Student: 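Pasting a structure below so you can have a look.
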Amino acid sequence: GEKNLVALPTEEHSVAVVRDLRCHPKDNPAWRVVIGGDCTSTMYGSRRKYGMLTSLALCLHETSERIVMGCGMENGSSLFYDLGAMGRGRDP
């Protein structure tokens, strides 16, 4: 499993997907994650609280053996998502 997974940005602001490299790219991703779910609204429109997604990483948590996605954000914040807690996705 997890060695076949890759985290990718999307054309949507601050949205990432995790894909299984063994699956056809047109298939649904294993996970779709909206990063930093809070939005702020200004007279110029709305945007995510943390700004644009700038970097992504995946790792396997040593003790729980769950996949964790780390996200670097435009404002310097780092956010982490336990993908196992979000469900099994497409069971990679």
Side-chain angles (χ1 to χ4, degrees):
E2 70 280 346
K3 65 184 176 191
N4 295 307
L5 298 178
V6 61
L8 300 166
T10 67
E11 68 277 356
E12 296 176 73
H13 192 307
S14 298
V15 175
V17 293
V18 177
R19 294 200 168 275
D20 188 329
L21 294 174
R22 300 168 293 184
C23 296
H24 193 282
K26 290 188 178 184
D27 290 346
N28 288 332
W31 285 276
R32 181 181 182 280
V33 182
V34 177
I35 311 300
D38 299 332
C39 280
T40 57
S41 294
T42 67
M43 60 190 237
Y44 302 109
S46 65
R47 63 178 281 145
R48 297 277 173 215
K49 176 179 173 182
Y50 301 101
M52 182 173 55
L53 176 65
T54 58
S55 60
L56 288 165
L58 290 175
C59 71
L60 188 63
H61 189 271
E62 195 172 307
T63 54
S64 70
E65 296 189 8
R66 289 198 209 186
I67 299 166
V68 175
M69 180 172 67
C71 308
M73 303 305 290
E74 180 179 17
N75 75 345
S77 298
S78 297
L79 304 173
F80 298 89
Y81 291 86
D82 179 347
L83 299 180
M86 298 175 70
R88 299 244 347 139
R90 290 180 354 133
D91 200 15

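This structure is a prediction, so every number in the text was calculated from the model and none was measured. Each residue takes its place number in the sequence, starting with 1.
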Student: To the closest 0.5 Å, what do you measure between CG (D20) and NZ (K3)?
Tutor: 11.5 Å
Student: Is the shortest side-chain heavy-atom distance between L83 and V33 below 4.5 Å?
Tutor: yes
Student: Please determine whether residues L56 and L79 belong to a single hydrophobic cluster, defined as Ile, Leu, Val, Met, Phe, Trp and Tyr linked transitively by side-chain heavy-atom distances below 4.5 Å.
Tutor: yes
Student: Once rounded to the nearest 0.5 Å, what's the spacing between atom CG of L53 and atom CE of M73?
Tutor: 5.5 Å
Student: Out of V6, V17, T10, which one pairs with P29 under the side chain to side chain contact (heavy atoms under 4.5 Å, CB included) rule?
Tutor: V17
Student: According to side chain to side chain donor-acceptor pair (under 3.5 Å), who are the partners of S55, at least two apart in sequence or on a separate chain?
Tutor: none
Student: Under 4.5 Å between any side-chain heavy atoms of V18 and I67, yes or no?
Tutor: no
Student: Looking at G72, is its backbone amide N or carbonyl O close enough to the side chain of T54 to form a donor-acceptor pair, meaning the two atoms are under 3.5 Å apart?
Tutor: yes
Student: Among residues at least two apart in sequence or on other chains, which ones pass side chain to side chain donor-acceptor pair (under 3.5 Å) with S78?
Tutor: none
Student: Looking only at non-hydrogen atoms, find the nearest pair between Y81 and V34 and report the distance.
Tutor: OH-O, 3.7 Å
Student: For the hydrophobic clusters of this structure (ILVMFWY residues joined by side-chain heavy atoms under 4.5 Å, transitively), does one cluster hold both M69 and L60?
Tutor: yes
Student: So which atom in L58 and which in A7 form the shortest heavy-atom distance, rounded to 0.1 Å?
Tutor: CD1-N, 3.7 Å
Student: Taking atom CG of L5 and atom CZ of R22, what is their separation to the nearest 0.5 Å?
Tutor: 7.0 Å
